[in-house]
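In what follows, chains carry the letters A, B, and so on, assigned in the order in which the sequence lines appear, proteins first and then strands, with residues in each chain numbered from 1.
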2 protein chains.
Amino acid sequence: MSALTNAIEILRCFSGAQPDLSFADVMTLTGKPKSSTSRLLRALRDCGLLEQDPHTRRYRPGLLTFELGRLHRAHDDLISMAERELREVCARTGHTGYIAVLDGYEQVVLRIVPGSNPLRVVNPPGQRTPALATSNGRAMLARLSDQDIRARVPATYPKLPRNSPQNLKQLMVRLDEIRRTGVSEAADESIEGVGSQGFALKSGETGEMIGIAVSYSVQATTVAERANVRRELTAMAAKLRRLTGDQLDQVVTRAQATR
Amino acid sequence: MSALTNAIEILRCFSGAQPDLSFADVMTLTGKPKSSTSRLLRALRDCGLLEQDPHTRRYRPGLLTFELGRLHRAHDDLISMAERELREVCARTGHTGYIAVLDGYEQVVLRIVPGSNPLRVVNPPGQRTPALATSNGRAMLARLSDQDIRARVPATYPKLPRNSPQNLKQLMVRLDEIRRTGVSEAADESIEGVGSQGFALKSGETGEMIGIAVSYSVQATTVAERANVRRELTAMAAKLRRLTGDQLDQVVTRAQATR
DNA sequence: AAGTCGGTTCCAAAATTCGGAACCATGTCC
DNA sequence: GGACATGGTTCCGAATTTTGGAACCGACTT
């Protein structure tokens, strides 16, 4: 195990639920002995990746991560283009929009476009969710090869919400449907009463892929309204695919999709 | 040199001016041989700290930095309290507000409150500037001990804009003035035609220090308006110092201020 | 006075990294 | 077609780091 691997292992312990950790927290989360934890935390702190509260002595992501995180938006040609379109759709429909990327078998929220409807935003940017349980997550998976998908799903199929695909076979059925229709739908999965529709967009130029979704309350929307969302999404997808040179049939390889 | 040090050295090559780098760029910037650069870039890419554009093959900060960056001081009471007050002042005055922290002899912008006046936001969050050349940067320095300040200023005093202090003596004169008045002022320094006033706030509880500033166009503001900004800032400073238990006279040590 | 938390320091063994050199796949210029 | 540049990868022995157990430590609590 390299020093970098260890450092990353520590960094990955931090999350929205646990934005700061004590020495003991890190020790138990990584399972590393005291001396190693001590050395690594110090190194991470000294280089700015972590910082330490002088009062509570707890560790949290540091200034350097903040600066680098701001730089990540650099690849936003695809994202900002999608965001612009999504903003218009959300303004027209009043629903909440999401842009996310795939990372392994999970997705990470990159942008949110709050709608005018009073649906509380539940997934802030940076939020990590199993891609199997969201509409745009599955839309992104649907564009990978079957072999690649199998490689991404954990060896033991994860326990997902009731309405999500419960095994690899059910997943494949839903992905095939997405491949046929071009749009992915979810209802009552990660969050009760919330539904969404989404699609995946892949830049023909850079090959990078993002998921775009519109989310709404299932109770507060009619069948007609949801059909309207589908029309909006289909139109947006067509326009964005044209703008970004997205060739739908082209399968994304593992390396392209993750990084 | 540890593996982590090398990794950080690469990460620090990325900046707002150069948000993505080629293999050769990294090699020349770090001065490391090809094989080492290759291994390190791969490691950084594999762990998510960097990502590589599949088309141009250039490297840029990765998804992990985005996620961690979102976590940085997400629940920081001092900052959110200051931001709330700053928002009100900016709404009343129409100017742009900044919150920054000190890192060595530089400051990094953490939060921005855009004003209603048409002054384009020039310093996005994550922006790094010599603290000697900004109002809130100097306000933060003014709260350190003279010894600590001397330790932070580089051995060869940096070349700064015309209106910034040009040497250690001039700097000390300006810092003394800030210590007397409690407010720091800048005009036509980092950016021509832009002025700002700021102060430093230090939590009595945690000891962490931030700089708060209001920025405006020098041409588009009158002397009276700038005096008004000063009154607003003085009032905000008094309120925030009361809320956070900031004892003005207490000097911040080096360790507390940086991390 | 004892115990806990959050560390630091020491050490020899084990693992990793280092950098030069050779190699290679693409793309491009002449 | 051939030469050259770019952007890498792989190999290897030597050199450097990392590792983890154990002892120790200062501040604070019980």
Looking just at side-chain N and O atoms, do B:Ser145 and B:Asp148 make a donor-acceptor pair shorter than 3.5 Å?
no
Interatomic distance where CG belongs to A:Asn6 and C1' belongs to C:dT16 [whole Å]
11 Å
Say whether B:Thr129 and B:Glu106, considering side chains only, have a donor N or O and an acceptor N or O under 3.5 Å apart.
no
Can you give one letter per nucleotide of nucleotides 6-13 of chain D, 5' to 3': B if a protein heavy atom sits under 4.0 Å from the base, S if only from the sugar-phosphate, - if neither?
-BBBB---
Whole-Å distance between C:dA15 P and A:Lys32 NZ?
14 Å
For the pair made of CD in A:Glu9 and P in D:dT19, what is the distance, rounded to whole Å?
11 Å
Is a salt bridge present between A:Arg58 and A:Asp20, judged by a nitrogen-to-oxygen distance below 4.0 Å?
yes
Which whole-number value in Å describes the distance from A:Leu40 CG to D:dT17 P?
15 Å
Can you tell me how far P of D:dT18 sits from CG of A:Leu44, to the nearest Å?
12 Å
Rounded to the Å, how far apart are A:Leu29 CG and C:dG6 P?
13 Å
Has A:Ser2 got a side-chain N or O lying under 4.0 Å from the OP1 or OP2 atom of C:dT16?
no
Salt-bridged, A:Lys239 to A:Glu85, with N to O below 4.0 Å?
yes
When you check the side-chain N and O atoms of B:Thr5 and B:Ser2, is any donor under 3.5 Å from an acceptor?
yes
Do the side chain of B:Thr28 and the main chain of B:Ala24 share a donor and acceptor less than 3.5 angstrom apart?
yes
